[in-house]
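Computation of the quantities below employed the complete heavy-atom set of this structure, encompassing side-chain atoms and omitting hydrogens, waters and symmetry-equivalent molecules. Please read all numbers here as calculations on a predicted model, not as lab measurements.
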Amino acid sequence: MVERLIGAARKTALHELHGWAEVADRDAIRKSYHFGSFSEAFAFMARVALAAERADHHPEIFNVYDRVEIVLSTHDAGGLSDRDIKLAHAIDELAPSRDR
Ligand code: HBI
């Protein structure tokens, strides 16, 4: 059973992330990444997909040319959970240093 993140634990977890913002109309977080080309953006998405499979936790991924937006939320919990925070950190590790 995955629990929604609330209270002090949620606040701390969000503070420890860089560039991630809460989504206005649902309990989720989002971040945009920028690349030098479509190929670089797509290579990043492929790495994110592999990390997601390893974690058995799956992001929403939106791509337009050289931009990738990632939205994280836990369906099983009905909102943001520790699994999203862990995946957000793992995704940042895959990103160019300017976007970490
Ligand atoms: N990905 N974002 C997200 N949220 C989930 O609840 C989730 C997932 N990937 C796999 C997964 N849950 C499975 O663990 C279960 O649905 C079996």
Of all the heavy-atom pairs spanning A52 and P59, show the shortest one and how long it is. CB-CD, 3.6 Å
Counting only heavy atoms from other residues, nucleotides and ligands, does the tally under 6.0 Å from CD1 of I6 exceed 12? no
Closest approach of Y33 and D99, non-hydrogen atoms and distance? CA-OD2, 3.4 Å
At their closest point, which heavy atom of V71 faces which heavy atom of R26, and how far apart are they? CG1-NH1, 3.9 Å
Which atom pair, heavy atoms only, marks the closest approach of E3 to A77? C-CB, 4.0 Å
Taking the side chain as every heavy atom from C-beta outward, state whether E53 and H58 have any pair of such atoms under 4.5 Å apart. yes
Residue from H18, R100, K31 passing side-chain hydrogen bond (donor to acceptor under 3.5 Å, both in side chains) with D92: K31
To the nearest 0.5 Å, atom CG of D84 lies from atom NE2 of H89 at 11.5 Å
Is there a path of hydrophobic side-chain contacts, each under 4.5 Å between heavy atoms of I/L/V/M/F/W/Y residues, joining F42 to F35? yes
CZ-OG distance between R30 and S73, expressed to the nearest 0.5 angstrom: 14.0 Å
Which label fits F38 and Y65: parallel for a plane angle under 30°, tilted from 30 to 60°, or perpendicular past 60°? parallel
Compare all side-chain heavy atoms of D56 with those of R83 and state whether any distance is below 4.5 angstrom. yes
Without swapping roles, check the side chain of R10 against the backbone of L5 for a donor-acceptor pair under 3.5 Å. yes
Does L17 belong to the same Ile/Leu/Val/Met/Phe/Trp/Tyr cluster as I61, with side-chain heavy atoms less than 4.5 Å apart forming each link? yes
So do the side chains of L94 and F44 get within less than 4.5 Å of each other, counting heavy atoms only? yes
Non-hydrogen side-chain atoms of D66 and E40 separated by less than 4.5 Å: no
Which of D27, L80, T74 passes side chain to side chain contact (heavy atoms under 4.5 Å, CB included) with R4? It is D27
